[in-house]
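Below: the structure, in structure tokens.
Reminder, nothing fancy here: chain letters follow the sequence lines and each chain counts from 1. Just the heavy atoms: all of them, side chains too, but no hydrogens, waters or symmetry mates, feed the values below.
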Amino acid sequence: MRMSKMFGRTLRDAPADAQTPGHQLMLRAGIARPLAAGLYTWLPLGFRVQKKVEQIIREEQDRIGAQEMEMPVLTPAEFWKETGRWDALEPITFRTKDHNGREYMVSYTHEELITHHGREEILSYRQLPVMVYHFQSKGRDEARPRAGLLRVREFVMKDAYSFDIDEAGLTTSYAAQHGAYVRTFQRMGLDAVSVESDTGAMGGDLAHEFQVLTDVGEDTIAVCETCDYKANMEKARRTMPAAAHADAPAATEIATPGVTSIEALETFLTKPASAFLKTLLLRAGGDVVAVVLPGDRAVNDAKLRKLLDVSQIVFAGDADFGRVGGVAGFIGPVGLKVRVIVDTSVERRGYVAGANKKDTHLENVLPGRDFPDTERADVHDVRTGDVCPIDGGTLALKRGVEVGNIFAFSTYYSEKMGATFLAEDGTRKPFVGGSYGIGVGRAVQTIIETSHDEKGIIWPFSVAPYEVHVVGLPMNDETVRSTADALVATLEDKGVEVLFDDRDESAGVKFADADLIGIPYRVTVSRRSLKEKSVELKGRASSEAELVPLDLAADRIHDIVRRAREAAAR
RNA sequence: CGGGGUGUGGCGCAGUUUGGUAGCGCGCUGGGUUCGGGACUCAGAGGUCGAGAGUUCAAGUCUCUCCACCCCGACCA
């Protein structure tokens with residue numbers, strides 16, 4: 001490819017609204033361009049990267065026996081109505097109608113559609129197990145797209161689906177996908193770690209996210225500093241210190257005029273936050289519940305939602321306070337007429353808690369004595385410094401980008417959709433399934449986020465848009481031009497992917513663009529190098545260059561490329 | 001959805017406080033000189049100042065409404 005003819009240009013300055021390094025470099029190098037919030041066009045350079053990422057995914061899916069197919073983007077409402085997701089997904093999906101008024105959704109994902117195909121194609125256990133996958137655009141009307149390609153409203157996802165006879169089969173399929181994901185991310189140069197994650201409100205217990213740890217990530221992950229334990233915040237646990245079982249004198253009222261927050265109490269009573277009980281009155285579905293935590297702990301919304309099996313939790317209103325006998329600002333668990341969930345980190349010792357009476361708190365409140373603490377649950381956030389539940393090490397919180405996830409949902413969809421097969425014993429059984437996703441565009445930008453320097457992108461060889469970047473200096477020198485032309489032609493004949501900077505630009509501009517675009521190998525054909533009857537060869541990631549005799553150059557470069565390809569395929 | 005911010009040639013920005021008819025750098029076009037790390041020089045092109053309404057002799061600047069984009073949070077198989 002000749003740069004003088006390439007559609008798409010590099011930018012000296014990044015647009016002001018690009019914030020992360022990867023977002024800026026992606027735009028500056030001409031990988032993709034924004035069309036609207038959360039909608040991006042791949043330019044030719046970026047398109048090649050996308051296709052290489054897809055090819056790696058494809059090879060690893062094929063390796064574990066998954067079969068590629070393709071389902072449409074536009075999906076009829078009827079299938080979504082079978083599982084109830086037509087309504088559930090309403091706020092975050094794009095919808096349309098055809099000229100007869102029939103309703104469609106721009107596919108948010110494809111579980112319903114593949115389950116439908118599964119029930120039509122698979123009649124017998126003899127056809128199982130089977131895995132399929134496709135690369136297809138997903139539409140998600142995200143409330144907040146962000147950071148370029150990291151969170152967008154339309155993106156290509158590789159989604160795979162497994163169908164098994166039973167849970168044991170699902171476990172095997174799941175493990176195969178987990179292995180494929182490890183290889184896939186490794187091959188594209190992403191240091192992804194698999195993290196335990198929550199399965200959401202639809203049952204099943206097995207799910208992992210593949211997270212790339214980077215400060216630009218929007219997810220928070222608890223990571224043990226000494227063992228392999230990693231979990232996202234919805235799932236992260238900790239080992240509690242041995243509970244202090246201290247007795248306490250009878251609870252007594254203390255006056256706390258106008259002191260309504262834990263922070264204010266800390267100052268007013270000069271005690272640490274852990275000396276207080278935090279009581280939250282919440283509305284979950286149709287019910288009101290109280291959650292009691294130590295004053296220095298935050299409630300984890302997702303853990304609580306899962307515990308209560310609801311999709312949304314909001315703070316209770318004034319009427320709710322009145323009904324349960326609580327007073328806003330001075331609420332406490334003592335005497336509260338409502339279901340009380342006590343977090344596992346609340347100890348059996350004296351605390352200061354709200355007295356459910358204006359301007360008053362209670363001292364020496366003992367859980368279990370002064371209020372029932374029979375319903376215990378882990379609903380708190382872990383934090384940096386907590387103790388790892390596996391090896392007792394120290395947990396740290398890190399930021400990550402979720403580049404993929406795998407999810408064993410079992411019979412969730414097949415039961416709702418009546419997707420069954422005839423089992424060996426002659427009975428009808430629902431498929432036992434899992435789904436496995438990778439966001440292609442997100443992976444591309446995450447590679448840039450984690451593989452660049454101050455000058456530009458450093459593409460891993462396996463996903464680089466081209467393998468070799470040939471720079472002619474200067475192009476108006478007839479010898480330079482003809483030599484570079486011939487070298488490029490020879491390399492292309494050998495099947496090497498070459499980006500040829502044949503523009504009549506200064507050396508500074510060309511080298512700066514080469515560093516920015518980040519092709520793994522740069523070959524400079526110049527007046528200076530030709531005096532030595534050589535060309536100059538330099539790796540993007542290395543600082544020094546070497547001279548290669550002109551007559552050996554094509555073979556030498558071809559050889560390097562061949563070896564790099566072999567390494568990238570492993 | 002809540003909070004905050006920004007909209008001025010392709011990109012980065014100044015000008016808005018105090019209303020007077022739009023400017024700088026880069027990029028772009030043409031000529032000349034250069035040619036190994038974002039060259040120099042001469043001559044050019046390019047803007048309904050996000051949109052609409054209003055105030056005024058006069059609006060990029062003041063008022064109102066709307067829109068778009070970005071950030072933080074919430075949400076997120």
Side-chain angles (χ1 to χ4, degrees), chain A residues 9-20 23-24 27-28 30 33-39 83 85 88-89 91-93 107-112 138 140-148 150-153 157 159-161 197-204 206-210 216 218-220 232-234 301-302 305 311-315 402 404-409 412-413 433-439 442 455-456 471-477 480 501 503-516 522 524-531 535-536 538 543 545 547:
Chain A
R9 64 196 180 93
T10 58
L11 309 175
R12 291 200 179 195
D13 301 306
D17 49 15
Q19 302 285 322
T20 71
H23 187 189
Q24 293 179 352
L27 294 173
R28 288 189 53 213
R33 293 282 180 248
L35 194 59
L39 297 176
T83 62
R85 291 213 288 183
L89 294 177
I92 43 174
T93 47
S107 188
Y108 182 86
T109 172
H110 284 84
E111 276 86 6
E112 277 80 353
K138 304 290 186 278
R140 299 187 177 183
D141 192 4
E142 295 284 352
R144 186 158 102 79
R146 67 176 285 275
L150 285 187
R151 185 168 214 73
V152 292
R153 297 195 295 170
M157 177 188 274
D159 37 326
Y161 302 94
S197 65
D198 195 70
T199 50
M202 52 191 62
L206 197 54
H208 287 84
E209 293 169 351
F210 283 77
V216 305
E218 54 187 334
D219 296 335
T220 305
N232 71 13
M233 291 300 279
E234 292 105 75
D301 226 51
R305 278 201 309 273
S311 59
Q312 206 193 2
I313 293 175
V314 295
F315 284 108
E402 181 187 348
N405 60 44
I406 57 177
F407 182 40
F409 54 69
Y412 184 82
Y413 296 97
S435 67
Y436 316 90
I438 295 177
R442 181 181 286 184
K455 292 177 176 172
V471 177
L473 270 184
M475 282 310 286
N476 62 9
D477 180 306
V480 168
D501 192 345
R503 297 173 304 168
D504 190 15
E505 290 284 357
S506 72
V509 170
K510 290 185 160 194
F511 288 143
D513 273 350
D515 288 338
L516 175 59
R522 187 184 80 191
T524 307
V525 180
S526 69
R527 230 177 243 156
R528 189 205 277 179
S529 74
L530 289 180
K531 268 184 205 149
V535 300
E536 182 196 87
K538 178 182 169 300
S543 51
L547 284 178

Whole angstrom is fine here: how far is it from [atom1] in [X] over to [atom2] in [N]?
{"X": "A:L27", "N": "B:rG10", "atom1": "CG", "atom2": "P", "result": "17 Å"}
{"X": "A:D477", "N": "B:rC35", "atom1": "CG", "atom2": "P", "result": "11 Å"}
{"X": "A:L11", "N": "B:rG25", "atom1": "CG", "atom2": "C1'", "result": "16 Å"}
{"X": "A:N476", "N": "B:rU33", "atom1": "CG", "atom2": "C1'", "result": "12 Å"}
{"X": "A:D515", "N": "B:rG38", "atom1": "CG", "atom2": "C1'", "result": "11 Å"}

Provide the Watson-Crick or G-U wobble partner of [N], both distances under 3.5 Å; none if there is no partner.
{"N": "B:rA39", "value": "B:rU33"}
{"N": "B:rA58", "value": "none"}
{"N": "B:rC1", "value": "B:rG73"}

Quiz item: A:R28 side-chain donor-acceptor pair to B:rG10 base, under 3.5 Å: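 Such a pair does not exist between side chain and base.
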N/O donor-acceptor pair, side chain A:E505 with base B:rG38, under 3.5 angstrom: no
How does protein contact run along nucleotides 67-74 of chain B, one letter per nucleotide 5' to 3', with B for base contact, S for sugar-phosphate only, - for none, heavy atoms under 4.0 Å? --SSBBBB
Under 4.0 Å between any heavy atoms, over every strand shown, what does [X] touch: base, sugar-phosphate, or nothing? Just pick one.
{"X": "A:A512", "answer": "base"}
{"X": "A:R522", "answer": "base"}
{"X": "A:E111", "answer": "base"}
{"X": "A:E142", "answer": "nothing"}
{"X": "A:D513", "answer": "base"}
{"X": "A:T109", "answer": "nothing"}

If we take the P atom in both B:rU61 and B:rC49, what is their distance in whole Å?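 B:rU61 and B:rC49 have their P atoms separated by 9 Å.
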Pick the P atom in B:rG60 and in B:rU17, then give their distance to the nearest Å. 12 Å
Candidate nucleotides [options], ranked by approach to the side chain of [X] - the nearest:
{"X": "A:D13", "options": "B:rC11, B:rG37, B:rA39", "result": "B:rC11"}
{"X": "A:S526", "options": "B:rG12, B:rU34, B:rG36", "result": "B:rG36"}
{"X": "A:R12", "options": "B:rG36, B:rG38, B:rC35", "result": "B:rG38"}

Can you sort out the partners of A:R503 under side-chain hydrogen bond (donor to acceptor under 3.5 Å, both in side chains), two or more places apart, ordered by chain and number?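 In terms of side-chain hydrogen bond (donor to acceptor under 3.5 Å, both in side chains), with neighbours along the sequence ignored, A:R503 is linked to A:D501, A:D513.
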